[in-house]
Amino acid sequence: MESDFGAAMFGSAFKAHAFPAYAALREKGPVTRVNLRSGEAIWFVTRYAEAVELLKDHDRFANDPANAMTEDEYAQLFQQATIGLTPEQQEFAAQTDEILSRNLLAIDPPDHSRLRRLVAIPFTPKFIEGLRPRIQSIADTLLDAAETRAQERGVREMELIDDFAYPLPLTVISEMLGIPPEDRDSFREWSQAAVSFTPADPANPEVTAKLIAFIAYLRQLVTVKRANPGEDLLSGLVLAEAEGDKLSENELLSMIFLLIVAGHETTVNLIGNGTLALFDHPEQFARLRQNPDFLKSAIEEMLRYYGPVEVSLSRWVRADTEFGGETMRRGEQIMALLASDNHDGGQFPNPEVFDVERTPNRHVAFGTGIHSCLGATLARLEGQIAFASLLSRMPDLALGVPRDDVQWRDATFLRGLTRLPVTF
Ligand code: HEM
């Protein structure tokens with residue numbers, strides 16, 4: 001089945017009305033084909049069962065496009081992506097691609113297994129639980145600051161994203177990695193550039209320039225850690241690189257890049273989108289206030305209902321195959337449309353109902369299979385602390401602007417809000 005919804009490619013306006021559009025796509029079939037201007041196609045998997053199959057079938061689908069095409073085809077793919085750039089920008093884009101394409105989400109076993117093992121320990125439940133007091137203290141400091149500002153101004157309001165949802169995970173991941181506090185302000189611009197990339201329009205010189213600046217910063221950070229290693233995760237990776245056969249310099253830079261971007265661009269949206277879901281369903285908000293024990297299931301429902309990641313990263317068809325009733329050609333691109341998969345009535349009864357007690361709730365907001373989210377335990381803990389703190393300290397929390405003024409960000413892969421003014 002073909003679709004033309006690729007034109008808007010999940011922009012802000014599309015996201016506001018996406019769920020009925022996804023329901024219509026699911027009615028027609030489990031996968032939909034979107035034609036790109038270059039003449040190529042992207043397949044989107046809109047139903048839950050097929051999405052799980054896609055994400056787990058590493059024999060038929062590769063994360064690294066180089067494993068699904070010849071060298072010439074791969075070179076052509078890159079050329080197409082940089083049409084419209086000046087030769088200098090193309091050179092920059094090639095450098096960026098070479099470095100960032102070695103991240104966990106863009107590689108396959110055995111390299112993927114080797115690199116994931118290197119970062120697994122700090123993300124295990126036991127290790128993450130040890131961060132609880134520090135995460136609580138960061139949340140408390142941010143809410144104290146919001147209270148102080150409210151008292152000074154005489155109005156009990158804040159901008160939930162900037163004042164709380166964004167700095168909380170950014171501080172946590174920066175401390176885990178060992179990134180100096182004074183450097184963190186630049187991240188927003190850089191990492192937003194990284195997530196504003198769209199497959200329909202990859203040749204954006206402004207985005208490339210910001211990514212180059214990001215990589216330059218990462219190189220400098222690695223140099224500092226080499227000279228002065230600490231107890232942090234980044235120092236551990238730098239030491240592993242020094243041992244020679246564990247990871248290359250590009251793999252190291254790619255890893256840090258992914259951990260920074262994935263570590264905060266997503267959890268900010270769990271807090272922002274989850275709060276909006278509560279505002280949109282006042283009776284569920286009241287139930288949660290009365291029964292804080294529902295917090296864990298409420299967070300799973302927020303992840304399902306307005307999940308921070310709209311679409312998985314690309315998979316590539318390794319050899320001509322039949323999938324979801326369609327014939328797919330070697331080298332074609334395919335993605336799980338997670339936002340649609342998580343609203344599939346075949347898996348979730350009454351999928352458009354937001355229910356803070358929903359069980360079972362086996363959503364794919366964190367993906368599944370070998371690339372499933374490394375940071376899921378951390379994100380869940382940050383979510384629990386964020387919402388428990390908001391609910392207990394700000395019992396009158398309410399939306400501070402008309403609902404129509406709340407807008408989704410323009411970002412293909414993510415679902416997040418531009419701003420969320422609240423009163424408390
Ligand atoms: C609510 C917050 C989060 C959500 C919804 C989320 C979602 C996801 C999803 C859907 C994937 C798989 C994508 C795919 O298969 O194409 C993924 C992978 C990943 N996530 Fe998260 N994530 C979150 C928070 C985090 C945090 C806090 C970190 C910490 C650094 C993190 C690190 C990663 C990494 C490294 C991968 C790649 C894993 C691999 O390829 O083996 N994420 N995440």
Side-chain angles (χ1 to χ4, degrees), residues 44-45 51-52 54-58 61-64 100-124 127-128 131 135 165-166 168-177 179 191 195 199 233-234 237 251 254-274 299-316 333-339 341-342 363-387 412-416:
F44 287 101
V45 183
V52 170
L54 168 73
L55 296 176
K56 289 190 163 172
D57 191 340
H58 310 291
F61 305 105
N63 279 50
D64 182 349
L100 301 186
S101 64
R102 299 303 302 157
N103 80 72
L104 280 179
L105 278 165
I107 57 173
D108 296 306
D111 287 342
H112 175 266
S113 331
R114 170 176 53 87
L115 292 176
R116 185 146 172 154
R117 253 198 315 273
L118 280 178
V119 285
I121 291 177
F123 291 97
T124 50
F127 199 95
I128 294 299
L131 299 179
I135 302 177
Y166 187 81
L168 175 63
L170 176 63
T171 310
V172 173
I173 194 68
S174 301
E175 289 186 358
M176 279 179 85
L177 285 166
I179 291 169
S191 62
V195 298
L233 177 51
L234 219 155
L237 288 169
E251 287 171 341
S254 247
M255 180 75 87
I256 309 168
F257 168 83
L258 179 65
L259 291 175
I260 294 174
V261 174
H264 74 284
E265 284 290 343
T266 47
T267 313
V268 50
N269 299 331
L270 165 59
I271 302 170
N273 303 358
I299 286 174
E300 296 310 309
E301 183 66 341
M302 293 167 187
L303 286 161
R304 182 193 74 82
Y305 191 82
Y306 280 154
V309 180
E310 192 86 352
V311 194
S312 78
L313 274 274
S314 303
R315 271 40 175 191
W316 302 84
Q333 205 175 155
I334 174 166
M335 299 174 180
L337 186 35
L338 302 174
D341 308 327
N342 280 334
H363 60 73
V364 281
F366 289 118
T368 186
I370 61 169
H371 291 279
S372 73
C373 182
L374 175 74
T377 308
L378 172 61
R380 285 183 163 116
L381 181 61
E382 289 176 331
Q384 279 168 28
I385 291 173
F387 283 102
T412 303
F413 293 101
L414 299 183
R415 173 176 287 271

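What you see is a predicted model; the values in this text were computed from it and never measured. As the structure lists them, so they are numbered: ligands from 1, and atoms in each ligand from 1. The residues of the chain are indexed from 1 along the displayed sequence.
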Worksheet item: Who's closest to atom 15 (O) of ligand 1 heavy-atom-wise, of M302, R315, M335?
Response: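 It is R315 whose heavy atom sits nearest to atom 15 (O) of ligand 1.
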
For ligand 1, is there an atom lying under 4.0 Å from some heavy atom of [X]?
| X | result |
| --- | --- |
| R380 | no |
| H112 | yes |
| N63 | no |
| A365 | yes |

With atoms numbered from 1 as shown, which atoms in ligand 1 lie under 4.0 angstrom from a non-hydrogen atom of [X]?
| X | value |
| --- | --- |
| F123 | 29 (C), 30 (C) |
| P308 | 1 (C), 5 (C) |
| I173 | 30 (C) |
| L259 | 30 (C) |
| S312 | 16 (O) |
| L338 | 10 (C) |
| I370 | 41 (O) |

Discussion item. Among all the protein's non-hydrogen atoms, which is closest to atom 38 (C) of ligand 1, and how far away is it?
Written reply: R116 NH1, 3.3 Å

Worksheet item: Where is the nearest protein heavy atom to atom 13 (C) of ligand 1: which residue, which atom, and how far?
Response: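 Checking every protein heavy atom, the shortest distance to atom 13 (C) of ligand 1 gives L105 CD2, 3.7 Å.
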
Worksheet item: With a cut-off of 2.8 Å, which protein N/O/S atoms are close to atom 21 (Fe) of ligand 1, if we only count those under it?
Response: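 Under 2.8 Å from atom 21 (Fe) of ligand 1 - ignoring waters, which are not counted - the protein N, O or S atoms are C373 SG.
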
What's the spacing between [X] [atom1] and [Y] [atom2] if we round to 0.5 Å?
| X | Y | atom1 | atom2 | value |
| --- | --- | --- | --- | --- |
| E175 | L233 | CD | CG | 13.0 Å |
| L337 | E310 | CG | CD | 6.5 Å |
| R304 | M302 | CZ | CE | 12.5 Å |
| L378 | T267 | CG | OG1 | 6.5 Å |
| L54 | F61 | CG | CZ | 5.5 Å |
| L104 | L374 | CG | CG | 7.0 Å |

Practice prompt. Decide yes or no for T377 and T124: does some side-chain heavy atom of the first lie under 4.5 Å from some side-chain heavy atom of the second?
Written response: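 Heavy-atom side-chain distance check fails, nothing below 4.5 Å.
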
Polar contact flag for [X] and ligand 1 (N/O pairs, less than 3.5 Å):
| X | result |
| --- | --- |
| H371 | yes |
| S372 | no |
| L258 | no |

Fill in: salt bridge (charged side-chain N to carboxylate O under 4.0 Å, His left out) partners of residues 375-384, not counting sequence neighbours, each pair once
E300-R380

Fill in: side chain to side chain contact (heavy atoms under 4.5 Å, CB included) against A106, all qualifying residues, sequence neighbours excluded
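With sequence neighbours excluded, A106 shows a side chain to side chain contact (heavy atoms under 4.5 Å, CB included) to N103, given in chain and number order.
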
Practice prompt. Output all residues satisfying side chain to side chain contact (heavy atoms under 4.5 Å, CB included) with S101, sequence neighbours left out; order by chain, then residue number.
Written response: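 If we apply the side chain to side chain contact (heavy atoms under 4.5 Å, CB included) test to S101, skipping adjacent residues, the hits are D97.
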
Worksheet item: Would the H112 and H371 ring centres measure less than 6.0 Å apart?
Response: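 Ring centres of H371 and H112 closer than 6.0 Å.
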
Practice prompt. Kindly determine whether N63 and R315 satisfy side chain to side chain donor-acceptor pair (under 3.5 Å), including the steps that lead there.
Written response: CA-CA 5 Å; N63 279 50; R315 271 40 175 191; 3.3 Å; yes

Worksheet item: Quick check: does any side chain N or O of N273 sit under 3.5 Å from a backbone N or O of R415, one acting as donor and the other as acceptor?
Response: yes

Item to complete: Please work out whether the ring planes of H264 and Y166 are parallel, tilted or perpendicular, with thresholds of 30° and 60°.
Response: perpendicular

